[in-house]
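Below is one structure, written out as structure tokens; the observations come after it.
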There are 2 protein chains.
Amino acid sequence: MSSKNSETRNKILKACVHLLETSQGKEVRMTDIARHAGISRQALYLHFATRAELLIATTHYVDELLESEKRLAASRTAETGIQRLDAYIEAWGSYIPEVYGIAGALLAMKDTDEAAAKAWNERMEDMREGCEAAINALQNDKTLSPAYSPDEATDILWTMLSIRNWELLCIERGWSQKKYLENLKSLARRAFLAS
Amino acid sequence: MSSKNSETRNKILKACVHLLETSQGKEVRMTDIARHAGISRQALYLHFATRAELLIATTHYVDELLESEKRLAASRTAETGIQRLDAYIEAWGSYIPEVYGIAGALLAMKDTDEAAAKAWNERMEDMREGCEAAINALQNDKTLSPAYSPDEATDILWTMLSIRNWELLCIERGWSQKKYLENLKSLARRAFLAS
DNA sequence: CATTAACTTGACACCGTGTCAATTGACATG
DNA sequence: CATGTCAATTGACACGGTGTCAAGTTAATG
């Protein structure tokens, strides 16, 4: 459970990311991760107490790699509410495919594992704040449709942008990433802008 | 594996429904179902070869109880496209909370179990047909926004109405069923109607 | 009375997670 | 050089859940 970055710890995380990304759907077992990292299964437990902990660490790991914070925060600099809404959808929507594998694993554990649920909920809470900020920006511009309170609008935007929705459109229905982004931006405008 | 309705088969299905409905989130084990049905665990396997098969049978069972077909088909009688859209959202949206428990169980098995995935996909396909019919009705009325092809609009409506979205709004965000239905109807209008 | 079908009990195999103990090998420090 | 320590290894094992198998019980039916 070394808290620092050790050589093997990184090997493990790297292997975990790779497996989650490639083996879409199929289970990713501790054994698989170990083999792929070139170490023994037991050595995993020297670094991560449980599978859940490993998965959570993996999300942090990729977030660092992707500089997620930075990219998501960028939308905050947009001038108008509409631009901000667009920028947030663009940023978050581009983030999804890069974390989809890991998110899926975490999501699957959510129901059975306390720690995984917590990690996931924190993430969703962060995302919701981004939505809230975008909606508030609309509100300040007086461009938010009077049909919605900011809270309601936030809930809806947050739901629209869920990873599961991305999954339905881009995986199940085969939409391209470009089509997804364009459609979601346009949908959000239709939904939230005062006409 | 008796294909007919036997006494105990129904007891099992009833127990299964009850457990899935009440024990939200917690696992529902074969043992639990057996105990709750008042029979031995092994007797379950006399009626259903696998857990997946039992769950699938359970969905059919509740569908029969709820007369889902009938209720969902009702929207087809609406006159205008808009009414039809509303009616479908009303029907499907009211159906969700009643099958939420079972759906969750099936959804969770989707990734690991072939049969469960198939059962789920069939269901989603049916639902998509309902969406398609509503969108086509709009199209025929020339009230579908030119921004969308019927296919795109169908995909989006289908996504909007996903059980996971209902879950996010009604479970996670605590929306009432009434609020959910109203908001989804209004959202769909904003999204799909030509302005 | 004998047969048959539905159930029961109890044991067991398989898998995946997590634990434990004993061992090895590298490397640092006195 | 001896010692200790740290990371990793091997191998065994417990636990929980699904699914299988075999033998025995019970009740209905001819």
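All values below were derived from every heavy atom in this structure, side-chain atoms included, with hydrogens, water molecules and symmetry-related copies excluded. Every value quoted in this text rests on a predicted model; they were computed, and no experiment measured them. Each chain gets a letter, A, B and so on, in the order its sequence line appears, and its residues count up from 1.
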Subject >> Pairing residues for Asn10(B) by the side chain to side chain donor-acceptor pair (under 3.5 Å) criterion, not counting sequence neighbours >> reply: none

**OP:** Walk me through it: do Trp120(A) and Glu125(A) pass the test side chain to side chain donor-acceptor pair (under 3.5 Å)?
**Re:** CA-CA 9 Å; Trp120(A) 179 259; Glu125(A) 190 44 44; over 6 Å; no

Quickly work out the [X] [atom1] to [N] [atom2] distance and round it to whole Å.
{"X": "Glu7(B)", "N": "dA28(D)", "atom1": "CD", "atom2": "P", "result": "13 Å"}
{"X": "Glu114(B)", "N": "dT18(D)", "atom1": "CD", "atom2": "C1'", "result": "18 Å"}
{"X": "Arg9(B)", "N": "dC7(C)", "atom1": "CZ", "atom2": "P", "result": "12 Å"}

Original post:
For dC7(C), does OP1 or OP2 lie under 4.0 Å from any side-chain N or O of His47(B)?
Top reply: yes

By the salt bridge (Lys or Arg N to Asp or Glu O under 4.0 Å) test, which pairs, at least two apart or in different chains, include something from [range]?
{"range": "residues 137-154 of chain B", "value": "Lys179(A)-Glu152(B)"}
{"range": "residues 87-108 of chain B", "value": "Arg71(B)-Glu98(B), Glu90(B)-Lys185(B)"}
{"range": "residues 156-166 of chain B", "value": "Arg164(B)-Glu167(B)"}
{"range": "residues 31-48 of chain B", "value": "Arg29(B)-Asp32(B), Asp32(B)-Arg35(B)"}

Subject >> Where protein sits on nucleotides 9-27 of chain C, one letter per nucleotide: B base, S sugar-phosphate only, - none, heavy atoms under 4.0 Å >> reply: BBB----SBBBB-------

